[in-house]
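The structure presented is a predicted model; accordingly, all values stated were derived computationally and were not measured. Numbers for residues simply follow the sequence, beginning at 1.
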Amino acid sequence: MRNAAPKFCRREFHLRAIGLGAACLLHAVGCRHTAKNSIAELPARHSIQADQLVVLSDFRLRYDHPLIKDLVKLRQDVAETLAVKLDGQPVVVYLFSNDDHYQHYLKTSYPSLPPRRAYFIGTPYELAVYTYWGDRIQEDLRHEFTHGLLHSALKAVPLWLDEGLAEYFEVVTPQTPPVNLGSVKQLATAKRKGWKPGLERLESLKEVSQMSQGDYQEAWAWVHFMLHGAPETRAVLLSYLEDLRTSSDPGSLQKRLQVVVPALDEHFLAYVDELQTSTAHLVRSQQ
């Protein structure tokens, strides 16, 4: 079952819905399948299927296109990095050829939604991504496809962790591990101004509208810290994700981390400093 409350993300609207019998409940939006004139406007002329990825577009896209290959590789990376078995329902990408057609569909089907470059909408009958071919198509699709993969495999995903993981996997860089340079820079600036980490507060957030840009950056940093800070923190995250396969409320991830890292906030801040130092060297080497 999925949370009926809408999630507003940094670049997209991410909505989870819960079914009541045969009804479709989309919080304050309405059901897409009730708007027959809108369904006809969805891209459907061309299709590509690769593993869990299904792309429906109104323009021809080669099966071996770099974008398709990148998303197929992303699914493999998510599965291997998070030790999550990805064999659930497919994630359907509705890919419009341009922003005008995309926005027209959104205004017709979901008139209450604000304009965004991409949307992930998860319901009991479909995990769907809506977007258009734009300058940031790879970044947007990696972010949204990650949401879809997580919701195909897990019974529930806490809001902050859902966004932190999507932020983590959206990054396209040859650097290993991948680093979001913008987030590192903003966190370093915030730290100089007295910012303190607040994982307990992040865990309490239920609506994306409650999340600031800084919260997205912090969520990304916690994911990076858990995956690359130490074997113990990585093990805690993977164990937590495993529990999410069967439980919608496995408890506090912060409390689990504090067992293996007693001075958690201090270690996290030190890790952010390390990221700033390493990325500063990276930026200088690229200049």
Side-chain angles (χ1 to χ4, degrees), residues 7-14 70 74 77-78 81-82 116-118 120 134-147 149-150 157-205 207-230 233-234 236-237 241 253-254 257 261 264-287:
K7 295 179 62 186
F8 292 89
C9 299
R10 173 171 58 82
R11 71 176 62 76
E12 82 287 344
F13 177 87
H14 172 188
D70 181 59
L74 173 61
D77 291 343
V78 170
T81 302
L82 304 181
R116 295 289 187 271
R117 294 198 311 270
F120 167 74
D135 293 339
R136 299 173 69 177
I137 181 65
Q138 185 180 23
E139 174 188 335
D140 291 342
L141 274 182
R142 286 178 66 91
H143 186 106
E144 307 306 334
F145 190 47
T146 298
H147 279 312
L149 292 173
L150 292 173
V157 192
L159 171 62
W160 77 272
L161 184 58
D162 197 8
E163 296 304 333
L165 288 167
E167 292 280 313
Y168 177 87
F169 284 107
E170 80 173 30
V171 176
V172 182
T173 173
Q175 184 179 3
T176 302
V179 174
N180 188 318
L181 297 179
S183 291
V184 172
K185 181 179 179 181
Q186 292 301 320
L187 286 172
T189 299
K191 187 172 180 290
R192 289 195 297 270
K193 295 179 179 179
W195 164 78
K196 300 295 183 183
L199 184 52
E200 181 178 3
R201 184 184 61 81
L202 286 179
E203 289 191 310
S204 72
L205 301 179
E207 306 289 343
V208 171
S209 58
Q210 298 175 292
M211 293 186 68
S212 67
Q213 185 64 33
D215 292 332
Y216 283 95
Q217 294 159 356
E218 183 179 347
W220 168 83
W222 278 111
V223 167
H224 206 282
F225 169 74
M226 288 186 287
L227 286 174
H228 306 291
T233 57
R234 182 184 184 88
V236 168
L237 175 60
L241 291 171
L253 181 53
Q254 181 197 33
L257 287 170
V261 187
L264 182 60
D265 286 356
E266 289 79 359
H267 280 83
F268 175 71
L269 286 172
Y271 187 79
V272 171
D273 288 339
E274 291 175 9
L275 284 175
Q276 181 186 11
T277 301
S278 62
T279 54
H281 291 313
L282 175 65
V283 171
R284 285 196 295 268
S285 67
Q286 294 175 342
Q287 293 176 343

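- Between L275 and V179, some side-chain heavy-atom pair lies under the 4.5 Å cut-off.
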ask   = Run the side-chain contact (heavy atoms from CB on, under 4.5 Å) check on L269 and K191 step by step: do they pass?
value = CA-CA 9 Å; L269 286 172; K191 187 172 180 290; 4.0 Å; yes

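- Across P197 and W222, no two heavy atoms sit closer than the pair CB-CZ2, 4.0 Å.
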request  = Go through Q213 and Q186 one step at a time and tell me if the side-chain contact (heavy atoms from CB on, under 4.5 Å) criterion holds.
outcome  = CA-CA 10 Å; Q213 185 64 33; Q186 292 301 320; over 6 Å; no

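- Counting heavy atoms from C-beta on, the side chains of F120 and D162 never come closer than 4.5 Å.
- Atom OG of residue S204 and atom CD of residue Q254 lie 10.5 Å apart, to the nearest 0.5 angstrom.
- Within the 4.5 Å cutoff, side-chain heavy atoms of L159 are placed close to those of M211.
- Here the CG atom belonging to L181 is positioned 12.0 Å from the CD atom belonging to Q276, to the nearest 0.5 angstrom.
- Between R136 and H143, every side-chain heavy-atom pair lies at or beyond the 4.5 Å cut-off.
- Nearest heavy-atom pair, L82 versus L227, reported as atom, atom and distance to 0.1 Å: CD2-CD2, 4.2 Å.
- The stretch residues 171-189 participates, sequence neighbours left out, in no salt bridge (charged side-chain N to carboxylate O under 4.0 Å, His left out) pair at all.
- Note that the CG atom of L264 and the CD atom of E200 stand 11.5 Å from one another [nearest 0.5 Å].
- Here the closest non-hydrogen pair linking A166 and T146 is CA-CG2, 3.8 Å.
- The ring pair (Phe, Tyr, Trp, His ring centres under 6.0 Å) contacts involving residues 175-199 comprise nothing, where partners must be two or more places apart or lie in separate chains.
- The side chain to side chain donor-acceptor pair (under 3.5 Å) search around E203 returns S252, not counting sequence neighbours.
- F225 contributes atom CZ, which lies 9.5 Å from atom CD of E274 (distance to the nearest 0.5 angstrom).
- With rounding to the nearest 0.5 angstrom, the CZ atom of R234 is 8.0 Å from the CG atom of L237.
- R142 approaches V172 most closely through the heavy-atom pair CD-CG2, 3.3 Å.
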inquiry  = Under the criterion side-chain contact (heavy atoms from CB on, under 4.5 Å), I'd like the reasoning laid out for L161 against L241: C-alpha separation, chi angles, the key distance, then a yes or no.
reply    = CA-CA 10 Å; L161 184 58; L241 291 171; 4.1 Å; yes

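- The aromatic rings of H224 and H228 lie tilted to each other, with the angle between the two planes from 30° to 60°.
- Take H267 and apply the side chain to side chain donor-acceptor pair (under 3.5 Å) test, not counting sequence neighbours, and it matches no residue.
- Contact detail for D140 and A118: the closest heavy-atom pair is CB-CB, 4.2 Å.
- Atoms CG and CG, on L253 and L199 in that order, are 6.5 Å from each other to the nearest 0.5 Å.
- A heavy-atom distance below 4.5 Å is found between the side chains of Y168 and V223.
- In this structure, V184 and W220 have side chains that are in contact, with non-hydrogen atoms separated by less than 4.5 Å.
- Identified under the salt bridge (charged side-chain N to carboxylate O under 4.0 Å, His left out) test for residues 215-225, with sequence neighbours left out: R201-D215.
- Of the possible polar contacts, one joining the T233 side chain to the M226 backbone as a donor-acceptor pair under 3.5 Å is found.
- By the side chain to side chain donor-acceptor pair (under 3.5 Å) test, Q138 pairs with D70, sequence neighbours left out.
- Here the side chain of E170 pairs no donor or acceptor atom with the backbone of E167 at under 3.5 angstrom.
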